[in-house]
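For reference, the structure is listed below as structure tokens.
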Amino acid sequence: QVQLQESGGGLVQAGGSLRLSCAGSGRRFSNYVMGWFRQAPGKEREFVSAISWSGSYAYYADSVKGRFTISRDNAKNTVYLQMNSLKAEDTAVYHCAAKEGAYSDSAIRYNYWGQGTQVTVSS
């Protein structure tokens, strides 16, 4: 199986940047689609971004398009989320996830999940 561990969260002012990392252990995830989801208190978990197994294709929620960039380094078993121009509405726990097969923006399609890292944006 695949185990995922997020890091890089923290407190940042609006307009600032953070880079999240998700390190995998166990089975290599080079053949998995990797995604980022976030969940704010009292809200449902929502899709943020995903990247294909090769890293050639990336997908973004409209709310983060143009501000966030997803990337992966399969040799390091790691996926990243660069977050720029952060807004207070980006405050949430961010989770990375992995799935077999094709791209999806639906959380229920992902097979493996990290525990999450808190991102807080102050305004």
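For clarity, every value in this text was computed on a predicted model and none was experimentally measured. All residue numbers refer to positions in the sequence shown, counting from 1.
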How long is the span from the [atom1] atom in [X] to the [atom2] atom in [Y], to the nearest 0.5 Å?
X: Asp90; Y: Ser63; atom1: CG; atom2: OG; answer: 7.5 Å
X: Ser52; Y: Met34; atom1: OG; atom2: CE; answer: 12.0 Å
X: Tyr94; Y: Ser7; atom1: OH; atom2: OG; answer: 15.0 Å

Over all atoms of both residues, closest heavy-atom pair of [X] and [Y]:
X: Ser49; Y: Leu81; value: CB-CD1, 4.2 Å
X: Ser17; Y: Asn84; value: OG-OD1, 2.9 Å
X: Val119; Y: Met83; value: CG2-CE, 3.8 Å
X: Val93; Y: His95; value: CG1-NE2, 3.4 Å
X: Ser71; Y: Ile51; value: CA-CD1, 3.6 Å
X: Trp53; Y: Asn31; value: CB-C, 4.0 Å

For residues [X] and [Y]: do they belong to one hydrophobic cluster (side chain heavy atoms under 4.5 Å, members Ile, Leu, Val, Met, Phe, Trp, Tyr)?
X: Phe37; Y: Leu4; answer: no
X: Ile70; Y: Tyr57; answer: no
X: Tyr80; Y: Val64; answer: no

What side chain to side chain donor-acceptor pair (under 3.5 Å) pairs are there with at least one residue in residues 110-123, not counting sequence neighbours? Gln118-Thr120
Going through the distances and angles, do Thr91 and Glu89 end up as a side-chain contact (heavy atoms from CB on, under 4.5 Å)? CA-CA 5 Å; Thr91 296; Glu89 64 197 55; over 6 Å; no
What residue pairs, at least two apart or across chains, pass disulfide bond (SG atoms under 2.5 Å apart) with a residue in residues 7-120? Cys22-Cys96
Extract all donor-acceptor atom pairs below 3.5 Å that involve side chains of residues 39-47 and protein atoms in other chains or at least two apart in sequence.
from	atom 1	to	atom 2	distance (Å)
Gln39	NE2	Lys43	O	3.1
Glu46	OE2	Arg38	NE	2.7
Glu46	OE2	Arg38	NH2	3.3

Ignoring hydrogens and angles, write down the donor-acceptor pairs under 3.5 Å from the side chains of residues 97-108, residues two or more places apart or on other chains.
from	atom 1	to	atom 2	distance (Å)
Lys99	NZ	Ala102	O	2.4
Ser104	OG	Ser106	N	3.1

Applied to residues 48-64, the salt bridge (Lys or Arg N to Asp or Glu O under 4.0 Å) test, sequence neighbours excluded, yields Asp62-Lys65
Is the CZ atom of Arg67 crowded by more than 12 outside heavy atoms at less than 6.0 Å? yes
Audit row: Glu6, Trp36, side-chain contact (heavy atoms from CB on, under 4.5 Å) steps and yes/no: CA-CA 10 Å; Glu6 303 94 337; Trp36 287 96; 3.9 Å; yes
Please evaluate residues Tyr32 and Val2 with respect to the criterion side-chain contact (heavy atoms from CB on, under 4.5 Å), reporting the C-alpha separation (whole Å), side-chain torsions for both, the decisive distance (0.1 Å), and the verdict. CA-CA 10 Å; Tyr32 293 83; Val2 174; 3.9 Å; yes
Donor on one side chain, acceptor on other, Thr78 and Asp73, under 3.5 Å: no
Just to verify, what does Arg19 make a salt bridge (charged side-chain N to carboxylate O under 4.0 Å, His left out) with, not counting sequence neighbours? none
